[in-house]
Amino acid sequence: MNDARFRIAPSPTGYFHVGGARTALFNWALARQLGGTFVVRIEDTDADRNRPEWTEGIIEALAWIGIKASDPHFEGPYLQSDYTQQHVDAAQQLVDAGHAYYCDMTTADIEARHIANGKAEGSQGYGGWSRDRNLGPGSGRVIRFRVAEGVTIVHDEVRGEVEFDNALIEDFVLVRSNGAPVFVLANVVDDMHMRITHVLRAEEHLSNTPKQQMLWEALGASVPVWAHLPLLVNEQRKKISKRRDKVALEQYRAEGYLADAMVNYLMTLGWTPKGDEIQPWAQMEADFRLEDVHLSPAFFDLKKLAAFNGEYIRMLSPHAFLDASRPWLPDHFDESKFLAMAPHIQPRCVTLADAPGVVDFLFLAEPVIDRDAWTKTFAAEANVAILRETLAAYEALSDWQAESLKSAMEVVGAAHDLKLGKAQAPVRVAVSGRTVGPPLFEALEVLGRDETLRRLRNAEAALD
RNA sequence: GGCCCGUUCGUCUAGUGGCCUAGGACACCACCCUCUCAAGGUGGCGGCACGGGUUCGAAUCCCGUACGGGCUACCA
């Protein structure tokens, strides 16, 4: 394990954001590729958003996408709230060194001062009015950072050099009047204490990077490698958010997306795998480079995700497919039947949740009849006749193989001058209740002679 | 409003001055295959935001404009 240390710093919100998952994956790929460490720090300083079980949820979500707490490269989770004293101490250190000062002005005071200075109501920015008042600690007082003059240049591994004019950065709050440290401070102090060397995070943080860089320097440390990743946006080109979009990783999992498909798709958001875009994790982990990360936002495209998922479902072995599908399957069913049909089910699924719909008729005591399909199919007299004739032919069949079932039906169809495509319809509806489904004769073979004949007789009786 | 970032087919992208008549994938359309539906195969549709430079030559470099987004809290 070398000195390269990466981190993700999610705030506990009750779910794990797909954007956070993408950031985690990029960090994880690099940490492992470089032989470094990936640390997880839960940023729970906002007391309103803090539930112990949410941390567990984050760890579980990470494990699902392959970031296992048991991996030697994994470290944590740490809770930011455990380090509050360090944050406060750092703020005091900054005050002592003259990099920060106390201020007793409230938001209303600042607003009033703006108006008194002839500025418009709602004017923004704090004028550094308490800078030289030499206030000491006291109730209702915050600690603000004294922003020096000049410019701050952020060296970003993906965006190059980004320059910020310090004059445009107000003396920001480090510690609230209630004594609670603010995000920028806590984030930097923790990163320093955890010896973080690489900060890869979403682009939304680029704007407060100069503030953080000033803190690193004022605290006497050398800044980490910065890398701001392109935002994940929706069709409106806005940052995907809980309010507007489906962002919970857990929800995709619950809907039947495979972890491998999700991981592969997430990796393509802001980076392009070498060669085919469908790639095993090990390959992407080896190929990932910060310099290849894209600059423009990535649209989180559900259709593309679905395509990836379908692709991954088709790659599964029958047994792996069965295991993955279990949560969506009935409590009791004939696994050998499912396994026999698996190669026919897989190409018909976009998510694992689609699996039961394709083959449930094989396991149910009675097929669920789609009334429209039934009515439409048997409105044709010929179809009723075909059903009867097929039943008779099947009763007389000496074996029960897909090939024989197919041949027998071809004979019946030919008598009506119909191709198989048309002739199979009434039997499919009678047995499965639907007009669409897996290959019929293979399904009948799996369903078995007795059950098939029983359903055909039931259908015949229902038509009388 | 200010600051910052970005801009190649509908979407994700390849492309780092000549290999570009701009390649691939998803989506869409057509055809083929086919027992339905899928899957698969073949083909098609479709793009360098705009305007100026630089250069023998620009999607690639520079400037401007437009558009989109992010940030602008005693949220994280």
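All values derive from a computational prediction rather than experimental measurement. Reminder, nothing fancy here: chain letters follow the sequence lines and each chain counts from 1.
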* How far does CG of A/L290 sit from CH2 of A/W226, to the nearest 0.5 angstrom? -> 13.5 Å
* **Residue of the set A/Y257, A/Y265, A/Y252 for which ring pair (Phe, Tyr, Trp, His ring centres under 6.0 Å) holds with A/F308** => A/Y265
Please confirm whether the backbone N or O of [Y] pairs with a side-chain atom of [X], one donor and one acceptor, at under 3.5 Å?
| X | Y | result |
| --- | --- | --- |
| A/Y312 | A/A307 | no |
| A/D370 | A/A373 | yes |
| A/N234 | A/I240 | no |

* Report, as a single string ordered 5' to 3', how protein heavy atoms within less than 4.0 Å touch nucleotides 4-10 of chain B: B base, S sugar-phosphate only, - not at all. => SSSS---
* **Donor-acceptor pair (no angle test) under 3.5 Å: A/K304 side chain, B/rA25 base** => yes
* Kindly say whether, by distance alone, the side chain of A/S177 makes a donor-acceptor pair under 3.5 Å with the base of B/rC74? => yes
* To do: Provide, to the nearest angstrom, the distance between the CD atom belonging to A/Q346 and the P atom belonging to B/rA38.
  => 18 Å
Looking at [X], I'd like to know whether one of its side-chain N or O atoms comes within less than 4.0 Å of OP1 or OP2 on [N].
| X | N | value |
| --- | --- | --- |
| A/R237 | B/rU11 | no |
| A/K303 | B/rA27 | no |
| A/R201 | B/rA76 | no |

* To do: Assess whether side-chain hydrogen bond (donor to acceptor under 3.5 Å, both in side chains) is satisfied between A/S81 and A/D44, documenting all intermediate values.
  => CA-CA 6 Å; A/S81 56; A/D44 57 348; 2.6 Å; yes
* **Identified side chain to side chain donor-acceptor pair (under 3.5 Å) counterpart of A/H228 within the set A/H205, A/R201, A/E204** => A/R201
Does [N] pair with anything, Watson-Crick or G-U wobble, both distances under 3.5 Å, and if so, with which nucleotide?
| N | result |
| --- | --- |
| B/rC33 | none |
| B/rC19 | none |
| B/rA66 | B/rU7 |
| B/rG1 | B/rU72 |

* Structure fact -> Walking RNA chain B from its 5' end, the first of A/E311 and A/E277 to be reached, judged by nearest nucleotide, is A/E277
* To do: Check RNA chain B against residues 426-435 of chain A and give the residues with a non-hydrogen atom under 4.0 Å, in numerical order.
  => A/R428, A/T435
* A/K246 bridged to A/E255 by N-O distance under 4.0 Å -> yes
* To do: Answer yes or no: is there an ion pair linking A/R41 with A/D191, defined by an N-O contact shorter than 4.0 Å?
  => yes
